[in-house]
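In what follows, every heavy atom counts, from backbone to side chain, and hydrogens, waters and symmetry copies are set aside. Position 1 is the first residue of the sequence, and the numbers go up from there. The structure presented is a predicted model; accordingly, all values stated were derived computationally and were not measured.
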Amino acid sequence: MSDIYFDLEVIVRFLRSCAAGGIMLLAVAPAYAGGPSDFHGKPLATAGLGQSAPLAVNLSQDPAWLLYGFQRDGVTYLQVNDLMGNVQLIIGNAGGTYFVLPAGSNRAKVSLPEQRIGVPAGAVRSQIYQASDFSLVRYRSGDEVVWSVEAP
């Protein structure tokens with residue numbers, strides 16, 4: 001009779017382990033499904049920031065640019081790459097405050113809602129991305145370029 005109890009105890013322990021493992025898999029599944037969602041329902045990546053070809057969705061509305069969205073620890077990052085994969089700039093947003101990361105091969109001029117810089121005279125405006133709370137725009141006049149985060 002003690003063999004039956006031993007067998008039942010082993011079966012119960014096994015089933016508890018399987019149940020716990022299944023719960024753990026369900027808990028981490030959203031992270032593997034693409035991370036947090038934002039930006040017109042497209043998922044934002046949680047890793048790969050600064051890479052030339054990150055595993056992230058291209059959010060750009062301008063075919064001349066690649067725009068990748070990342071989110072980590074409550075901070076959203078937008079990385080702009082040219083079509084060759086060169087990082088042009090990375091903009092962060094934490095609680096509605098925008099900032100520029102020191103990334104990319106060139107020194108991009110960036111105008112932020114909290115720190116505006118002038119747009120070159122006669123500049124051509126290209127909208128890279130439009131959301132409900134901001135736009136990312138590129139102004140170019142000759143060799144002079146200004147990227148601009150514009151809030152309504």
With side chains defined as the heavy atoms from C-beta onward, is the minimum distance between [X] and [Y] less than 4.5 Å?
{"X": "Y139", "Y": "S111", "value": "no"}
{"X": "M84", "Y": "S52", "value": "no"}
{"X": "L49", "Y": "L101", "value": "yes"}
{"X": "W147", "Y": "I128", "value": "yes"}
{"X": "L66", "Y": "S60", "value": "no"}

Quick one: pull up [atom1] in [X] and [atom2] in [Y] and give me the separation to the nearest 0.5 Å.
{"X": "L78", "Y": "I90", "atom1": "CG", "atom2": "CD1", "answer": "10.0 Å"}
{"X": "L136", "Y": "I91", "atom1": "CG", "atom2": "CD1", "answer": "5.0 Å"}
{"X": "E150", "Y": "R116", "atom1": "CD", "atom2": "CZ", "answer": "5.5 Å"}

V87 and Y68: side-chain contact (heavy atoms from CB on, under 4.5 Å), yes or no, with the steps?
CA-CA 10 Å; V87 176; Y68 302 109; over 6 Å; no
Mind checking whether F134 and Y98 have parallel, tilted or perpendicular rings, split at 30° and 60°?
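Plane angle between 30° and 60°, so tilted.
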Atom [atom1] of [X] with >12 non-hydrogen neighbours under 6.0 angstrom:
{"X": "L83", "atom1": "CG", "value": "yes"}
{"X": "Q127", "atom1": "CD", "value": "yes"}
{"X": "R125", "atom1": "CZ", "value": "yes"}
{"X": "R72", "atom1": "CZ", "value": "no"}

Spell out, as yes or no, whether a donor-acceptor pair under 3.5 Å connects the side chain of Q79 to the backbone of Q51.
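Confirmed, Q79 side chain pairs with Q51 backbone.
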Given the rule that I, L, V, M, F, W and Y join up when any side-chain heavy atoms are under 4.5 Å apart, are [X] and [Y] in one cluster?
{"X": "L112", "Y": "V145", "value": "yes"}
{"X": "V57", "Y": "Y129", "value": "yes"}
{"X": "V119", "Y": "V110", "value": "no"}
{"X": "V100", "Y": "V149", "value": "yes"}

Heavy-atom pair with the smallest gap, counting every atom of [X] and [Y]:
{"X": "L44", "Y": "T76", "answer": "CD1-CG2, 4.2 Å"}
{"X": "W65", "Y": "N81", "answer": "CE3-O, 3.5 Å"}
{"X": "L59", "Y": "G69", "answer": "CD1-N, 3.7 Å"}
{"X": "P120", "Y": "S141", "answer": "CB-CB, 3.6 Å"}

